[in-house]
Amino acid sequence: MGSSNGKGRSSWWRMEKEMEKGKVVVEKVRGKSTVTRSFSKYPLKFIIPRKLMIPQGDSISVEFTIGDGCTAVLTTQASTKVYKSLGSKCSEQVLEARIGSGALFAVIPDPVTCFSTARYSQKQVFRVASDSSLVIVDWFTSGRHESGEKWDFELYRSTNHIFSEGNQPVFLDTVLLEQSSPANIAERMHGYQVIAMVIIYGPKLKLVQDQVQENVKRMMSQQLHIPSTSLGHHAKTNSDNCLTRPAFIASCSVFGPKGIGVVVRIASTTTESVYRFLQHQLAGMEPLVGVPPYH
Amino acid sequence: MEPDLVETDKKRKRNVSIGSTLQWSQWQLLDSILPTGGFAHSFGLEAAIQARLVSGPDDLKTFIIQLLDNTGSLLLPFVYSTTLNPTLDNWQNLNRILDATLTNEVGRKASVSQGSALMRVAAAAFTDVPSLKSMRDVSVGSGVVPFHHAPVFGLICGLVGMDSGTSQRAYMYVTMRDVISAATRLNLVGPLGASVLQHQIASVAEAMSKKWMDRPVEDACQTAPLLDTLQGCHGYLFSRLFCS
């Protein structure tokens with residue numbers, strides 16, 4: 001395990017940048033989705049059957065294999081908190097998942113909360129078959145807003161990639177927020193405290209997709225209108241208009257071949273309203289995964 | 001001595017001549033009169049107004065700066081790559097990647113609409129670059145590859161002989177030009193105010209171009225999730241002037 005080089009230092013002391021890897025395999029055993037293999041090294045710990053804890057650490061990488069026809073749900077026990085970073089070190093998380101034919105993988109965590117000066121980067125790659133289904137919720141808040149920490153972190157980056165058979169790119173998205181570029185993040189957020197994205201993909205979720213699209217359209221059509229005094233120089237001042245901005249904004253987009261996926265983007269002034277939205281819109285998943293998400 | 005001087009002068013005149021031809025093509029490409037349908041798109045500005053996030057010239061300036069930042073981070077890599085490597089394979093590959101990257105349906109459709117129109121015009125007008133027409137014909141025939149705006153723009157720039165620094169700046173320029181034009185039609189600012197604003201923002205646009213240029217496509221990212229969410233709401237607007 002250890003060896004020393006000519007300078008008398010053992011090479012197994014090299015701990016920085018070591019990727020902690022974990023692996024989970026879900027297969028059908030006697031008709032039920034079962035974790036058949038799991039391997040984790042400290043600081044990673046799996047709590048089976050359906051909850052997973054991702055602890056703090058510099059770099060964490062987890063691989064999932066969801067067998068044909070299986071269902072797996074990945075949640076967190078609480079909001080992922082990213083603390084102040086030391087120097088320019090960045091907390092990195094990588095999730096890679098391979099989802100089999102007719103399988104469903106739901107990633108429904110609590111939001112990431114980056115504290116003042118934190119640096120956080122995550123990457124999630126999903127490789128799916130032509131009839132796989134996915135639900136991915138990826139969201140983050142402005143920080144400890146009760147303590148006045150609003151959008152005070154240094155860097156947040158989140159990448160979500162979906163590849164179909166033959167390595168075809170279906171969904172390639174990276175959100176990057178860096179302090180002081182061009183303005184500070186808080187200015188760019190116009191008072192919104194939470195940003196969320198929900199990907200609903202695949203044949204098993206068609207009903208959920210249709211319902212979300214209808215609900216969002218109905219909700220937003222009521223919120224958006226030509227401002228009554230919008231004619232340029234006679235517009236109300238910013239502070240007046242602040243009172244009438246929608247507290248919750250959402251939009252749906254179809255993506256992928258034959259519109260197989262729907263992505264919902266959300267900006268909200270409170271975390272609670274996003275939890276409520278997720279509860280309501282994903283309630284239709286209960287028959288598929290056995291529990292109503294975000295209850 | 002004399003024959004050398006004449007030779008040098010001839011060379012210089014040839015280079016100026018090539019440079020001048022390029023300039024005329026450049027100006028035509030950046031002129032808003034080029035029929036690419038850019039006037040039909042507000043880049044999410046109309047939705048931002050109806051959500052009361054933009055109501056006057058100050059908000060507008062902030063909006064434009066954020067839009068340009070996002071254009072740089074998300075789209076300049078596609079312009080860069082096709083300018084440097086204006087081949088059929090690279091262009092088709094980038095179209096596929098961008099199609100998966102533009103997850104916002106409103107933005108994606110706007111990109112295809114402008115890209116198709118631009119390719120059509122360029123293939124017809126720039127007859128001194130016959131590969132434009134042949135690439136277009138091949139791709140229209142296959143029907144699979146959508147013509148996205150940024151890769152088409154870079155492709156044309158590359159084929160007419162523009163360098164990648166100029167083509168990337170030019171892409172930022174046409175975005176700024178079109179959103180300011182949309183702002184005047186949305187009554188946020190008058191034509192004179194728009195010209196003043198455009199000149200004010202130019203130095204910011206230059207700084208962003210420098211910040212985001214020459215990056216690989218793998219690094220494309222979005223930096224304005226709030227604007228992305230808003231632009232996605234365009235389809236919910238009861239009455240609207242623009243397509244996006």
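None of these values were measured; they are calculated from a predicted model. Order of the sequence lines fixes the chain letters, A, B, ..., with proteins taken first and strands second; residue numbering starts at 1 for each chain.
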For Tyr192(A), is it the side chain, the backbone, both or neither that has a heavy atom under 4.5 Å from a heavy atom of chain B?
-> side chain

With a 4.5 angstrom heavy-atom cut-off, which part of Ile199(A) approaches chain B: side chain, backbone, both or neither?
-> neither

Out of curiosity, Asn104(B) CG to Asp173(A) CG, how far, rounded to the nearest 0.5 Å?
-> 10.0 Å

Mind running side chain to side chain contact (heavy atoms under 4.5 Å, CB included) on Arg265(A) and Thr103(B) for me, showing each step along the way?
-> CA-CA 10 Å; Arg265(A) 302 261 184 191; Thr103(B) 59; 2.7 Å; yes

Heavy-atom pair of closest approach, residues Tyr236(B) and Ser221(A) = O-OG, 3.8 Å

Do you know which of [options] has the most heavy-atom pairs with chain B at a distance under 4.5 angstrom?
| options | value |
| --- | --- |
| Ile162(A), Val254(A), Thr159(A), Val264(A) | Val254(A) |
| Gly191(A), Pro246(A), Gly256(A) | Pro246(A) |
| Val216(A), Val263(A), Ile249(A) | Ile249(A) |

For side chain to side chain contact (heavy atoms under 4.5 Å, CB included), just list the numbers for Cys233(B) and Leu224(A), CA-CA rounded to whole Å, side-chain angles, deciding distance to a tenth of an Å, and then say yes or no.
-> CA-CA 9 Å; Cys233(B) 288; Leu224(A) 302 166; 3.7 Å; yes

Pick one of side chain, backbone, both or neither for Ala220(B), based on which atoms fall under 4.5 Å of a heavy atom in chain A.
-> backbone

Proximal component of Arg108(B), with respect to chain A [non-hydrogen, under 4.5 Å] | side chain

Which residue pairs pass the ring pair (Phe, Tyr, Trp, His ring centres under 6.0 Å) test when at least one of the two sits in residues 64-83 of chain B, sequence neighbours left out?
-> none

Most chain A-contacting option - heavy-atom pairs closer than 4.5 Å, from Leu237(B), Leu53(B), Val204(B) | Leu53(B)

Donor-acceptor pair between Thr223(B) and Arg188(A) side chains, under 3.5 angstrom = no

Does the Arg52(B) side chain pair with the main chain of Arg245(A), one donor and one acceptor, at a distance under 3.5 Å?
-> no

Would a 4.5 Å heavy-atom cut-off, applied to side chains only, mark Met189(A) and Pro225(B) as touching?
-> yes

Would you check if Ser253(A) and Val106(B) make a side-chain contact, meaning some heavy-atom pair closer than 4.5 Å?
-> no

